[in-house]
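Only a predicted model underlies this, so the values are computations on that prediction, with no experimental measurement involved. Only heavy atoms go into these numbers, but all of them, side chains included; no hydrogens, no water, no symmetry mates. The chains referred to below are lettered A, B, ... by the order of the sequence lines, with proteins before strands, and numbering in each begins at 1.
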Number of protein chains: 2
Amino acid sequence: MEYSITRKERDCIVALRENSGFPVRLFNIAELLDIKAPTAFELIKRLESKNIIKKTNGVISLTPYGNSIYSEIIMAHRTLELILTRSGVNSDKACQQIEKIDYLMDDTSVQKLFKSLGQPQTCPHGKPIKLN
Amino acid sequence: MEYSITRKERDCIVALRENSGFPVRLFNIAELLDIKAPTAFELIKRLESKNIIKKTNGVISLTPYGNSIYSEIIMAHRTLELILTRSGVNSDKACQQIEKIDYLMDDTSVQKLFKSLGQPQTCPHGKPIKLN
DNA sequence: CATGATATTAGTATAATACTAAAATATATA
DNA sequence: TATATATTTTAGTATTATACTAATATCATG
């Protein structure tokens with residue numbers, strides 16, 4: 001898929017998808033990411049120009065491209081998380097650690113990693129690893 | 001050890017240590033990192049102010065603190081590299097992939113990872129994993 | 001001491017992050 | 001509908017990391 005995003009962009013993508021239970025607006029993102037509205041505005045503008053999110057009547061959502069990026073991030077996240085927790089790293093710690101790097105991983109490598117783990121169905125929290 | 005560095009700082013630390021066969025000066029770093037002298041100058045200034053490197057008559061070297069950071073980076077690098085290559089990722093690819101994240105890893109997690117791999121003596125390239 | 005090598009300063013630029021204050025726009029309610 | 005409230009956007013500023021060119025300074029050596 002070949003994407004290149006920043007840490008805050010990653011957090012925004014994840015927040016959007018993990019709060020899809022309600023219509024997410026700019027001020028929600030500001031709250032969720034703990035930043036002020038103008039900062040959120042900038043971030044959103046950047047993600048829009050990259051075609052990762054779109055705004056419809058002020059409601060922000062991931063584009064198909066954005067969703068595919070989310071899937072890769074979360075696949076990387078859970079795969080790595082599993083490796084760390086299996087090694088004895090506490091799961092909160094693992095999560096904290098992994099969110100610093102999950103969006104930097106190459107998908108091909110993650111896929112191989114995933115296969116070598118025996119294609120587990122769930123991560124340590126019980127959430128499905130494979131999405132889409 | 002708790003360090004926080006940037007990607008270019010990481011590259012500089014690694015380059016310094018991996019070219020310790022000769023006295024490394026500013027212009028060597030510029031060459032090694034493929035940046036112009038003034039950019040190298042800035043980078044070096046920053047690393048000096050963080051107490052990671054020191055300059056003695058124009059010759060740049062890692063401080064003890066810098067060396068300890070290098071050890072953690074390389075420990076993380078080789079451990080992760082081993083995990084990737086064992087999963088079937090080509091070793092050049094693995095290296096490329098891992099240098100994007102090795103300096104972001106928490107040492108405690110890396111230690112656990114390392115132990116769970118059976119404390120291997122060498123990485124895929126045959127270099128020792130444990131330093132110091 | 002002059003020349004060439006090396007380092008430094010000055011000035012500029014960009015991207016990502018972040019803020020405050022103010023203005024504009026939308027929405028809701030009296 | 002008018003006003004109040006909520007939300008978004010603009011304008012202006014700041015910081016950190018990265019990077020450059022051009023110019024100047026410093027150092028070492030022949």
CD1-NZ distance between Ile83(A) and Lys112(B), expressed to the nearest 0.5 angstrom: 16.0 Å
Starting the side chain at C-beta, find the nucleotide from dT9(D), dT17(C), dA19(D) nearest to Ala37(A). dT9(D)
Nucleotide dT9(D), atom C1' - distance to CD1 of Ile29(A) in whole Å: 15 Å
Starting at CG of Asn28(B) and ending at P of dA5(C), how long is that distance when rounded to a whole Å? 14 Å
Side-chain N or O of Arg7(B) versus OP1/OP2 of dT18(D): is the shortest distance under 4.0 Å? no
Would you mind classifying the nucleic acid contact of Thr6(A) as base, sugar-phosphate or nothing, using non-hydrogen atoms under 4.0 angstrom? sugar-phosphate
Which part of the nucleic acid, if any, lies within contact of Phe41(B), taking any heavy atom under 4.0 Å across all strands shown: a base, the sugar-phosphate backbone alone, or nothing? base
Note: Asp106(A)-Lys100(B) ion pair, threshold 4.0 Å (strictly below): no
Would you mind reading off the distance between Leu43(A) atom CG and dC19(C) atom P, rounded to a whole angstrom? 12 Å
d(CG, Leu33(B); P, dT18(D)) in whole Å: 10 Å
Taking atom P of dT26(D) as reference, at what distance in whole Å does atom CZ of Arg25(B) sit? 16 Å
Looking at dC20(D), dT18(D), dA18(C), which one has an atom nearest to any side-chain atom of Thr39(A)? dA18(C)
Qualifying residue, where the test is side chain to side chain contact (heavy atoms under 4.5 Å, CB included) with Ile44(B) and the options are Ile52(B), Ile29(B), Thr39(B), Leu16(B): Ile29(B)
Just call it for Lys55(B): base, sugar-phosphate, or nothing, with non-hydrogen atoms closer than 4.0 Å on any strand. sugar-phosphate
Take atom CZ of Phe27(B) and atom P of dG4(C), then tell me their distance rounded to the nearest Å. 17 Å
Closest to the Leu26(A) side chain, choosing from dT18(D), dA11(D), dT8(D): dT8(D)
Is the shortest side-chain N/O distance from Lys8(A) to OP1 or OP2 of dA18(C) below 4.0 Å? yes
Of dA16(C), dT9(D), dT8(C), the nucleotide closest to the side chain of Lys50(A) is dA16(C)
Any side-chain donor-acceptor pair under 3.5 Å between Tyr3(B) and Glu9(B)? no
Ionic contact status for Glu42(A) with Lys45(A), cut-off 4.0 Å: yes
Is the phosphate of dT17(C) approached by Arg46(A) (side-chain N or O, under 4.0 Å from OP1 or OP2)? yes
Does dT8(D) have OP1 or OP2 sitting under 4.0 Å from an N or O in the side chain of Lys36(A)? no
To the nearest Å, how far apart are Lys45(A) NZ and dA16(C) P? 12 Å
Would you indicate which nucleotide in dA19(D), dT9(D), dT21(D) comes nearest to any side-chain atom of Ile35(B)? dA19(D)
Measuring from Lys36(A):NZ to Glu31(A):CD, what's the distance to the nearest 0.5 Å? 10.5 Å
Mapping Asn57(A) and Glu9(A) onto DNA chain C by nearest heavy atom, which one lands closer to the 5' end? Glu9(A)
The residue, Gly58(B) or Glu42(A), whose nearest nucleotide of DNA chain C is more 5′ is Gly58(B)
